[in-house]
2 protein chains.
Amino acid sequence: MQHQRPKIVDVARLAGVSTATVSRVLSNPEIVSAETRRLVEEAIRQTGYRLNQAARNLRIRRTGGVVALVPNLSNPFFSQILAGMAAVLAPVGYNLLVADTRAEGGRSILTYAEPSRADGLIVLDGTLPAEGLTGRLPLVLACEWIPGIAAPRVKIDNREAAMMAVDHLIGLGHRRVAHVAGPRRNVLSEARLAGAERALAAHGLPAPIVLPGDFSLESGRRAGAAWLALPPAERPTAVFLASDAMACGFIGEVQHHGVMVPRDVSVMGFDDIELVSHMTPALSTIRQPREALGRKAAQRLLDRIEGDDRDEDTILPVELVLRASTAPPGS
Amino acid sequence: MQHQRPKIVDVARLAGVSTATVSRVLSNPEIVSAETRRLVEEAIRQTGYRLNQAARNLRIRRTGGVVALVPNLSNPFFSQILAGMAAVLAPVGYNLLVADTRAEGGRSILTYAEPSRADGLIVLDGTLPAEGLTGRLPLVLACEWIPGIAAPRVKIDNREAAMMAVDHLIGLGHRRVAHVAGPRRNVLSEARLAGAERALAAHGLPAPIVLPGDFSLESGRRAGAAWLALPPAERPTAVFLASDAMACGFIGEVQHHGVMVPRDVSVMGFDDIELVSHMTPALSTIRQPREALGRKAAQRLLDRIEGDDRDEDTILPVELVLRASTAPPGS
DNA sequence: CGGAGTTATGTAATCGATTGCAAGAGGGGG
DNA sequence: CCCCCTCTTGCAATCGATTACATAACTCCG
C-alpha cells in the first residue's frame with residue numbers, strides 16, 4: 001500500500017537506475033541515453049511521479065517566483081500591466097505573485113522581499129519605504145518609483161505626457177484650465193502637475209486651479225462637485241485629470257447636474273483604460289502602453305536576475321488619444 | 001569574510017546553542033527558556049538572519065501559498081474578490097498567487113495545481129477541465145463552478161438574481177425585454193438566462209430576445225449595435241445584460257446614436273462594479289458581494305486544508321440596486 | 001593490444017530548515 | 001539520600017531533490 005506521493009527514489013527503483021539519472025531525465029534529458037530515458041519516463045508515468053518543487057528550490061536556490069507589489073489591485077489600470085508581466089515571465093518558468101500593498105492583513109510587505117520567497121521583485125507603488133526593499137532581491141520599479149532607490153525604472157515621461165494633454169486643451173482655445181491631481185507626495189502626481197503648470201506657463205496662461213484627488217473614481221466625483229461649486233463665470237472651461245478613473249467620476253458628477261461635456265467643460269483623462277472609449281462622451285486621454293510597460297518591466301527584471309546590474313531607465317512613449325470629451329470652449 | 005546569507009547554524013554558533021534551539025525560538029518560542037531565547041534573538045539580530053522558506057517548506061511539507069485561478073485579470077470584477085481572499089489568507093500566513101487562466105504563456109495551468117507549489121487552489125473559472133484539478137490539492141470553486149467536480153462552491157444564486165432583475169423590469173411595465181447573455185457554455189450565462197426566461201414566463205410574457213455576449217465591454221457594444229439594428233417598433237424596451245461591463249458598452253453605443261437611457265430603453269446590469277454608479281445614467285444592477293465572496297472562499301479553503309472535507313455550497317445573497325437606468329417604458 | 005578520449009551512470013554530499021528521542025539539570029517527596 | 005518528574009536542550013535523522021566527482025564501458029587510433 002503505497003499511499004504516499006511517489007518520490008524520485010521510487011521512480012529510480014522501478015526503472016532500475018539511480019536517483020541521479022532520474023533527476024537528469026527531468027532537468028537535462030539530452031545527457032541521458034535514449035534507452036534509459038525511455039525507461040525512466042515509463043517509470044514516471046507508471047508511478048505518477050511529480051517533482052517536489054520545494055526540494056528543488058532548496059537545492060538550486062531559486063524559487064521560480066516573482067513578486068509584483070501593486071498599490072491597488074482593484075484598479076483595472078494595473079491588471080493589464082500584470083498581464084504583460086505574466087506573459088513574459090511564464091514562458092521562462094516564473095510564477096507571478098501579486099500582492100496589494102494597501103490591503104495587507106498585517107504581515108509586512110517586506111516578507112515578500114525575501115530571497116527565499118521569490119527570485120525578484122517588481123514594485124509599482126512609489127510610496128513604499130526604500131529601506132528594506134533595496135539590497136535584498138533583484139528589483140525593478142515600474143510606473144511609479146521611489147526616489148533615491150537605485151534600480152531600473154520602466155515608466156513613461158509623465159511630465160511630457162501632461163504637457164501634451166494640456167497643450168491640446170490650450171490648442172482648442174481654453175484659457176482657464178483646472179487640474180485634478182493624484183495623491184499628495186506621489187511622484188506621478190507631481191510630475192503630471194508640473195507638466196500641466198509648465199504647459200500653461202509656456203503659453204503665458206495662469207497656473208491651473210488645482211483640485212485634490214487620489215486617482216480614485218470617488219475623488220473624481222468630489223472634484224466634479226468642487227467644480228460645480230465654483231461660480232459659473234469662474235469655472236475653468238477645461239479640466240485635466242491625472243487619471244481616467246477620476247475623469248469618469250468627474251463627468252458622472254457634472255452630468256448629473258445638467259452640465260454637458262464637452263459643451264460646458266472639456267475633460268481630459270490619463271491612462272486610457274478600456275472603459276473610457278465606451279463612455280458618453282468618449283474620453284480624450286493619454287494612452288499609457290500598459291501591456292508593454294509590464295512586459296518591459298519583466299524583461300528588465302529577468303536581466304537583473306541574470307546579473308545585469310545596470311540601472312538605466314526605460315521610458316516608453318505615450319499617445320494622445322483624442323475623442324469626444326474635448327472641444328473648443330463653449331461649442 | 002562572511003558574504004553568504006547567514007543560516008541557522010551561524011545563529012546557533014553565535015548564541016552558543018544548537019540549531020534545534022534556534023529553530024524552536026523561531027517557531028515555538030514559549031518552550032524555550034527566557035534567557036536562552038534572549039540570547040538567540042540577539043544572535044539573530046546580529047547576524048541579520050532570515051529564515052529560508054524553501055528549506056522550511058521542504059521540511060514541514062507546506063508551501064504557504066494559495067493559488068487563485070481567474071479567467072481574466074483585467075476584469076475589475078475579480079480584483080475585489082481577490083482582495084477579499086488576501087484579507088483572510090494573509091493573517092494566517094498564506095500568500096495569494098494569482099494566475100490568469102486565459103493569458104498563460106504556454107505553461108499549463110495545472111502546474112499550479114501541484115501540491116509542492118501551493119497548499120490550496122481557488123478556481124474562479126468554470127471552463128477549466130475537471131480532470132487534473134480534482135484530487136490534487138484542497139480545492140474551492142468560487143463564483144463560477146465546474147459541473148461534476150466535487151468541491152465546496154461559494155457563489156450567488158444566479159438564476160434567482162436574474163429573476164429579481166427581470167421582475168423589476170416587468171414591474172416597471174416592460175413587456176418586451178432582451179437579454180444579453182454571457183459566453184456560451186458558461187454556467188453563469190446559463191443560469192442568468194434561465195432566470196430571465198423564467199421571470200418572463202411567470203408573467204405570461206414572451207421569451208426574451210437573446211443577444212450573444214461574453215461579459216466584455218466590446219461585446220456589450222456589439223449588443224448595442226444589434227439592438228439599434230432592429231426596427232424601432234420591434235426594439236425591446238428593456239435590456240438585461242449579464243454583466244455590468246457589457247451594460248457600459250451597450251449604453252455607450254446606443255447613446256452615441258442618440259438613444260436616451262432610460263427614456264428609450266431601460267438597461268439593467270449585473271455585478272455592480274464600482275464604476276457604474278458614476279455613469280450617466282447611473283446603472284441599475286444586481287450587486288454581488290464580491291469582497292464577501294472572496295473572504296468566504298478563502299475561509300472554506302482554509303477549512304479544507306485543515307481536513308474538513310464537506311462539499312456543501314455557500315450561497316451569498318445579492319442585492320437589487322436601483323438607480324437611474326431603468327424606468328417605465330417611454331417615460 | 002594499450003592508452004587516450006568520450007559517454008553514460010552511480011555514489012554520496014549538499015541545500016537549510018524541523019523534530020522525535022534522549023539525556024542532563026533541578027526540584028520535591030518519601 | 002534516592003527516585004521520579006518536569007523543564008530545557010542537544011543529537012542526528014529527515015524532508016526530496018541536484019550535482020561534483022568517480023567509475024565503468026566503449027570507441028578509436030597508432
Checklist entry - Nearest to the side chain of A:I60 - C:dC15, C:dA17, D:dT19? => result D:dT19
Checklist entry - Salt bridge between A:R45 and A:E41, side-chain N to carboxylate O under 4.0 Å? => result no
Checklist entry - Can you tell me how far C1' of D:dT18 sits from CD1 of A:I8, to the nearest Å? => result 8 Å
Checklist outcome for this item: Assert: residue with more 5' nearest nucleotide on DNA chain D, out of A:L58 and B:A20, is B:A20
Checklist entry - Side chain of A:S189, backbone of A:P183: donor and acceptor closer than 3.5 Å? => result yes
Item to check | Salt bridge B:D10-B:R13, side-chain N to carboxylate O under 4.0 Å | outcome: yes
Next on the checklist: Strictly below 4.0 Å: does B:R56 bring a side-chain N or O up to OP1 or OP2 of C:dT18?
Outcome noted: yes
Next on the checklist: So if I take every side-chain heavy atom of A:L51 and compare against D:dG10, C:dT18, D:dA17, which nucleotide ends up nearest?
Outcome noted: D:dA17
Checklist entry - Taking B:T47 for the side chain and B:A43 for the main chain, is one N or O donor matched with an acceptor at less than 3.5 Å? => result yes
Checklist entry - What integer distance in Å separates A:R62:CZ from D:dT18:P? => result 12 Å
Next on the checklist: Using whole Å, what does the distance between atom C1' of nucleotide D:dA17 and atom CZ of B:R117 come to?
Outcome noted: 14 Å
Next on the checklist: Regarding A:V17, tell me which of base, sugar-phosphate or nothing describes its non-hydrogen contacts under 4.0 Å with the strands shown.
Outcome noted: sugar-phosphate
Next on the checklist: Looking at A:R61, I'd like to know whether one of its side-chain N or O atoms comes within less than 4.0 Å of OP1 or OP2 on C:dG16.
Outcome noted: yes
Item to check | Minimum-distance nucleotide to A:T21 side chain [options: D:dC15, C:dG10, D:dA17] | outcome: C:dG10
Next on the checklist: Using whole Å, what does the distance between atom P of nucleotide D:dC15 and atom CZ of A:R5 come to?
Outcome noted: 14 Å
Item to check | Considering all heavy atoms, the nearest A:F215-A:N186 contact | outcome: CE1-ND2, 4.0 Å
Item to check | Proximity to DNA chain D (any heavy atom under 4.0 Å), residues of residues 24-44 of chain B only | outcome: B:R24, B:V32, B:S33, B:T36
Next on the checklist: So, does B:R59 get its side chain near the phosphate of D:dT14, meaning an N or O under 4.0 Å from OP1 or OP2?
Outcome noted: no
Next on the checklist: I need the CG-P distance between A:N52 and D:dT14, as an integer number of Å.
Outcome noted: 17 Å
Checklist entry - Do A:D100 and A:N72 touch side chain to side chain, with heavy atoms closer than 4.5 Å? => result yes
Checklist entry - Reckon B:V9 touches a base, only the sugar-phosphate, or nothing at all at heavy-atom distances under 4.0 Å? => result nothing
Item to check | Atom pair CG/CG of A:L89 and A:L302 - distance to nearest 0.5 Å | outcome: 5.5 Å
